[in-house]
Amino acid sequence: MNYSVATTTFYRDLTDLRLAMAVKTLTALRNQGTFVAMVDGSPDPIRDALRATGAHIIDEPIGFTMGAGRRRALYEASIVGPGDAVVWMEPEKYTLVPYL
């Protein structure tokens with residue numbers, strides 16, 4: 001079965017350990033050919049690091065709530081991404097990628 005992954009992020013600086021884990025997750029997903037739609041509200045340098053993984057990064061509009069960001073990520077994964085299903089996953093859970 002083909003699937004896409006949807007997630008959201010917000011990190012304050014490049015030294016955030018959670019950012020490093022998210023990059024590992026996105027890289028692992030890219031390496032297995034999985035489309036990822038991610039809504040991100042981080043500053044530009046962080047967003048650039050996330051984009052470098054090949055994920056489909058959507059800039060979070062000002063005023064978006066967490067719920068609105070998640071709905072947008074799920075929508076993008078279902079419309080833009082290939083596949084029969086959309087998986088929601090937290091971005092820092094790179095150890096779960098092999099089990100998808």
Side-chain angles (χ1 to χ4, degrees):
M1 173 192 315
N2 290 329
Y3 62 91
S4 299
V5 170
T7 193
T8 58
T9 52
F10 176 80
Y11 304 111
R12 295 190 188 279
D13 67 57
L14 289 167
T15 62
D16 191 327
L17 177 60
R18 292 174 48 243
L19 171 60
M21 292 188 295
V23 167
K24 283 178 87 169
T25 301
L26 295 173
T27 301
L29 288 164
R30 179 197 64 218
N31 288 343
Q32 70 180 28
T34 302
F35 176 83
V36 179
M38 174 183 280
V39 173
D40 177 69
S42 305
D44 287 338
I46 294 168
R47 196 171 300 131
D48 293 341
L50 294 169
R51 278 198 177 101
T53 67
H56 178 67
I57 307 298
I58 301 112
D59 297 344
E60 181 178 73
I62 294 172
F64 249 38
T65 63
M66 183 185 297
R70 289 183 178 193
R71 286 187 294 276
R72 176 75 186 274
L74 289 163
Y75 174 78
E76 292 285 332
S78 68
I79 298 301
V80 179
D84 307 315
V86 174
V87 174
W88 170 265
M89 94 181 269
E90 295 299 323
E92 298 89 6
K93 308 296 189 214
Y94 62 90
T95 57
L96 296 178
V97 172
Y99 299 102
L100 294 175

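Predicted model, so just to flag it, every value in this text is computed and none were measured.
Counting heavy-atom neighbours within 6.0 Å of R12 CZ, excluding the residue itself, gives a total of 12 or less. Counted within 6.0 Å of OH on Y75, heavy atoms from surrounding residues, nucleotides or ligands total 12 or fewer; the atom is thus considered open.
V87 and L96 end up in the same hydrophobic cluster when Ile, Leu, Val, Met, Phe, Trp and Tyr side chains are linked at under 4.5 Å. Cluster membership check: L17 does not share its hydrophobic cluster with L50, using side-chain heavy-atom separations under 4.5 Å among Ile, Leu, Val, Met, Phe, Trp and Tyr. Each of V86 and V36 belongs to its own hydrophobic cluster when Ile, Leu, Val, Met, Phe, Trp and Tyr are linked at side-chain heavy-atom distances under 4.5 angstrom. Linking ILVMFWY residues whenever their side-chain heavy atoms come closer than 4.5 Å, directly or via other members, leaves F35 and L74 in distinct clusters.
In this structure, L29 and L100 have side chains that are in contact, with non-hydrogen atoms separated by less than 4.5 Å. Using a 4.5 Å heavy-atom cutoff, the side chains of D16 and F10 are not in contact. Side-chain contact between V97 and M89 is present, with at least one heavy-atom pair separated by less than 4.5 Å.
Using modelled atom types, one side-chain atom of T25 and one backbone atom of P91 make a donor-acceptor pair closer than 3.5 Å. The main-chain N or O of T53 is never found under 3.5 Å from a side-chain atom of T27 such that the two would form a donor-acceptor pair. Formation of a donor-acceptor pair under 3.5 Å by the T9 side chain with backbone atoms of D40 is not found in this model. Side-chain atoms of S42 come within 3.5 Å of backbone atoms of Y11 as a donor-acceptor pair (strictly under, hydrogens ignored).
Summarising the geometry, atom CE belonging to M21 is positioned 11.0 Å from atom CD belonging to E90; distances are rounded to the nearest 0.5 Å. To the nearest 0.5 Å, atoms CD (E92) and CG (L19) are separated by 9.0 Å. Remark: I57 CD1 to E76 CD distance equals 11.5 Å, nearest 0.5 Å. If you take CG on N31 and CG on L26, they are separated by 11.0 Å, rounding to the nearest 0.5 Å.
The two atoms that bring A73 and T8 nearest to each other are CB-CG2, 4.2 Å, heavy atoms only. The minimum heavy-atom distance linking P82 with S4 is given by the pair O-OG, 2.8 Å.
Using a 4.0 Å cut-off between charged nitrogen and carboxylate oxygen, E60 and R71 do not count as a salt-bridge pair. Between D59 and R72 there is no salt bridge, since none of the side-chain N atoms of the basic residue sits less than 4.0 Å from a carboxylate O of the acidic one.
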Problem - F64/M66 under side-chain contact (heavy atoms from CB on, under 4.5 Å): CA gap, chis, key distance, verdict - result: CA-CA 7 Å; F64 249 38; M66 183 185 297; over 6 Å; no
